[in-house]
Asks: 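Got a structure for you, questions after.
When a ligand or atom number is given, it counts from 1 through the structure's own listing order.
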Amino acid sequence: MTDTTQKIYLKDYTPPAFAVESIDLDIRLFDEYATVGAKLSVARQSAGELELFGRALSLLDVRVNGKALNADEYTLDDERLHLHDVPDVATIETLVRITPQTNTTLEGLYQAGTGDNAMFVTQCEPEGFRKITFFPDRPDVLCVYTTRVEADKKYPILLANGNLLEVGDAGDERHFAIWHDPTKKPSYLFACVIADLQVMSDHYTTIEGRDVLLEIYAAAQDIDKCHVAMQALKDAMRWDEENYGRAYDLDRYMIVATGQFNMGAMENKGLNIFNTSCTLSSPETTTDERSFFVKSVIAHEYFHNWTGNRITCRDWFQLCLKEGFTVFRDQSFSGDFCSKAVQRIEDVATLRAAQFPEDAGPLAHPVRPESFVEINNFYTMTVYEKGAEIVRMIANLLGKEKFRQGTDEYFRRYDGQAVTVEDFLSALSVADARVLDFLAWYRQPGTSLVSGDFVFDENSGVLTVNLAQKTRHVPNFAAPVALPIPVATAVFDSKTGKLLAEKMLLLTKAEDSFTFDDLPLDKGAAPLVSVLRDFSAPVNLDFAYSDEDLAKLAAFETQGFNRWQAVQTLVNRLLFGKSERVDLLIEALQVAVPKLLDSDAMLAARLFDLPSEKELAMGYETNYQPQAVKAARDALKAQVASALRDEIAAWYHALPAESYTDTPQARGRRLLKNVLLDLALSARIDAAADWAYERYENASCMSERLGALSAMVDFALPKAAQYLADFYERFADEELVIDLWFSVQAGAATSSVADIAALMARSDYDWQTPNRVRTTLGGLAAKPTMLWTQAGLDLYLSAVEKLDALNPVIAARLLSALARWYTLGAADKAMAQDKLTALQAKVSSKNVREYLDNLLDDSLLAKA
Ligand code: TRP
Ligand code: ZN
């Protein structure tokens with residue numbers, strides 16, 4: 001047996017011994033299995049054997065230069081095929097048999113859906129191609145693919161990457177299609193689809209004059225829900241031309257939607273495969289939030305065509321090279337299509353709620369990890385979101401023009417290559433040498449704490465801002481070094497609120513001071529400093545603002561994000577007993593909200609944000625008490641709601657019913673009204689129950705209907721059950737809406753572990769569909785008071801155990817919600833440890849084992 005916990009190290013990287021020039025694939029699907037023929041042209045590059053990876057393949061034939069090999073001319077184990085004496089230039093042919101029909105992992109070629117809905121799709125990133133055929137399945141082996149796909153005619157759609165060369169009959173009610181992808185690509189970008197789907201088509205003419213056929217494939221009943229995705233694709237194509245000078249390079253761009261997919265979507269060259277949850281959108285079935293997310297994901301995958309596909313990763317340690325940059329690009333794109341402030345709020349809230357906890361516990365790793373057991377476990381918030389923050393810091397530091405100069409150089413230098421983070425920084429550094437210093441951000445794990453204060457000398461008129469940085473020493477890594485931390489800073493007149501100065505301070509040492517003089521202050525006035533504006537670096541901040549300062553910044557700040565941030569800081573102080581000034585919070589809302597009702601209702605809605613219970617748990621390194629945290633949070637919410645009782649009712653009614661439009665303004669009003677409905681119920685406004693029923697009955701779209709339904713379920717309103725039943729019946733044929741039905745209940749404050757277990761025991765709960773699995777387990781994970789109980793953990797871990805066998809990628813990801821188990825109070829902590837330890841004995845996938853080993857490794861548990 002192979003050692004399932006063998007670590008792979010970045011420092012051990014060696015280039016492949018053989019290059020592959022081209023591959024001809026011949027994929028034939030039959031009712032119970034498939035055969036895959038592969039013909040590779042290889043050429044030696046350096047000393048060493050030709051190493052072909054393959055997993056769960058039955059090898060039927062292997063030939064070198066046309067000659068079948070004897071058993072002693074190769075070695076084969078569970079993971080690899082080694083050919084001993086391959087000439088320096090050779091043709092390698094293999095034939096294998098696979099069973100996509102029974103592949104539950106959703107990696108490689110697998111069947112999604114059953115019966116009439118059955119379709120066959122691939123997922124190759126990161127190492128799924130080796131489940132299709134023997135190949136040097138590593139991202140630094142790039143070649144040209146020609147793919148022949150053959151199947152029964154009951155699957156009319158046969159797709160693969162690139163351009164369609166030929167279609168024809170294959171006899172016996174079978175047909176084939178041959179595709180050719182002229183761009184060299186790594187194997188993780190291979191895709192093929194065998195299905196019975198409808199297609200929505202459109203065209204786009206690139207800035208270079210290329211006419212591109214755009215196609216989105218979806219089930220017949222969903223095809224009219226692809227308009228948002230199609231528009232998003234065209235917007236993304238234009239945006240990348242305008243902002244990065246990047247045009248699309250093939251004549252065809254295809255997107256295929258499937259209901260069974262491990263992640264959101266996959267950027268396979270010219271043939272993206274998408275989760276239906278990130279493709280389909282219609283006002284009746286999709287919330288505004290989700291619809292906008294569809295747009296972002298479409299853009300994300302499209303942007304990969306340059307950042308990921310044309311320029312790819314040398315090895316999987318460099319994953320952030322494509323993901324961090326591409327997330328930064330999709331965030332910028334999204335900001336251009338809604339309010340920039342709200343997009344930034346959204347991205348920062350996600351980072352704080354999910355990446356900071358990862359970085360603070362036993363799963364902490366650098367944005368570019370240095371070792372792993374299972375690469376699938378490193379598609380993390382740190383790689384994606386913190387990776388995006390690093391690119392954002394560089395972009396902000398350089399400014400628009402220089403950053404563009406740097407990215408132009410990156411695309412010019414490395415097009416067609418598989419490169420590293422160092423290469424990326426080196427290209428960008430042509431615009432500004434300081435870029436090179438950001439390598440430290442890629443190598444050092446842990447979230448830094450920036451602390452500071454400001455001092456004003458009335459006599460000299462000089463304002464001094466003092467800043468310091470500190471990062472915890474993460475076990476197994478070098479002692480932390482000082483990072484270059486851009487701290488965007490503004491100075492306001494503390495009386496009038498006038499903006500006096502703006503500067504980007506770059507903190508490069510453990511401690512530093514920065515001065516502002518010649519401030520145009522009125523006589524006798526004092527300055528008020530605002531730091532880390534727009535969240536200019538992914539750090540924790542402890543700045544010596546008074547509570548009054550925060551209230552002032554909530555009013556003075558010129559950017560919506562910074563106003564939100566000031567309110568959030570105050571909220572955190574209130575929740576952690578570091579301030580008593582609820583009055584300041586209430587007043588800030590009373591002043592801010594009416595002004596925003598017309599101009600930016602979305603921002604108004606976000607000003608009511610309270611950090612999630614999970615995020616608040618971050619405030620404890622030991623003796624975390626979920627009940628106490630929840631109680632404090634609920635109490636603050638109730639207090640604010642009752643203090644603003646009259647205003648809430650007035651604001652709610654100031655947002656009249658309107659017919660559906662898809663504009664940022666209308667989306668903002670719908671969100672704000674949902675937030676106000678929830679607050680009205682918290683404030684125990686008697687009439688609010690009827691507002692909820694009415695909002696449901698008269699809903700113009702899913703955002704309104706779901707907002708009303710969640711409010712009913714969350715507050716256990718008398719008619720909640722009746723409306724839940726109505727909702728199910730109305731949307732019984734819409735899988736994604738039924739997911740919402742599951743989520744609303746699983747996530748509701750009022751539903752118990754037993755209620756969630758009951759949802760999971762239903763016949764329409766499907767373990768083969770990750771979207772469905774996430775509805776209930778995601779709901780449970782979001783409620784620490786239930787998760788960290790005997791019953792909660794038993795339910796959660798039994799799901800992990802079940803998925804360990806079916807779908808290890810998903811099973812392992814579920815464990816990330818448990819990363820900070822060791823911060824619980826003694827009794828809960830012991831219970832969690834027992835249950836996690838018991839699980840260790842029952843699981844076998846490398847994915848889950850690596851996670852559990854790390855979670856339980858005492859030496860990794862973060863010390864404050
Ligand atoms: N590269 C995909 C993205 O755009 C991520 C992804 C999709 C993925 N499917 C996957 C990663 C399966 C691992 C396994 O972010
Ligand atoms: Zn991506």
Asks: Is the shortest side-chain N to carboxylate O distance from Glu79 to Arg55 below 4.0 Å?
Replies: yes
Asks: Search all heavy atoms of Ser296 against all heavy atoms of Asp330 and return the closest pair with its distance.
Replies: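 Shortest heavy-atom separation between Ser296 and Asp330 comes out as O-CB, 3.8 Å.
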Asks: If a pair satisfies salt bridge (Lys or Arg N to Asp or Glu O under 4.0 Å) and one of its residues is in residues 374-388, list it, with sequence neighbours excluded.
Replies: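 Sorted pair list: Asp359-Lys386.
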Asks: Any ion pair linking Arg849 and Asp853 (charged N to carboxylate O, less than 4.0 Å)?
Replies: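 Salt bridge: no.
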Asks: Which atom name does His304 have for its N/O/S atom nearest to the Zn ion (ligand 2)?
Replies: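 The nearest such atom is NE2.
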Asks: Just jot down the side-chain contact (heavy atoms from CB on, under 4.5 Å) partners of Phe293, sequence neighbours excluded, or say none.
Replies: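 Cys278, Arg290, Val297.
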Asks: Parallel, tilted or perpendicular: which describes the rings of Trp767 and Tyr765, with under 30° parallel and over 60° perpendicular?
Replies: perpendicular
Asks: What pairs with Ser281 under side-chain contact (heavy atoms from CB on, under 4.5 Å), at least two apart in sequence or on another chain?
Replies: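 Ser281 satisfies side-chain contact (heavy atoms from CB on, under 4.5 Å) with Val228, Thr286, Ser291 only.
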Asks: Which atom name does Glu323 have for its N/O/S atom nearest to the Zn ion (ligand 2)?
Replies: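 So the atom name we want here is OE1.
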Asks: Please produce the table of protein N or O atoms sitting under 3.5 Å from N or O atoms belonging to ligand 1, one pair a line, distance to 0.1 Å.
Replies:
residue, atom, partner, partner atom, Å
ligand 1, 1 (N), Glu125, OE1, 2.5
ligand 1, 1 (N), Glu267, OE1, 2.7
ligand 1, 1 (N), Glu267, OE2, 3.4
ligand 1, 1 (N), Lys322, NZ, 3.4
ligand 1, 1 (N), Glu323, OE2, 3.1
ligand 1, 4 (O), Glu267, OE1, 3.2
ligand 1, 4 (O), His300, NE2, 3.2
ligand 1, 4 (O), Glu301, OE1, 2.9
ligand 1, 4 (O), Glu301, OE2, 3.0
ligand 1, 4 (O), His304, NE2, 3.3
ligand 1, 9 (N), Gln123, NE2, 3.3
ligand 1, 15 (O), Glu323, OE1, 3.4
ligand 1, 15 (O), Tyr384, OH, 2.6

Asks: Which atom, among the N/O/S set of His300, is closest to the Zn ion (ligand 2)?
Replies: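 His300's closest N, O or S atom to the Zn ion (ligand 2) is named NE2.
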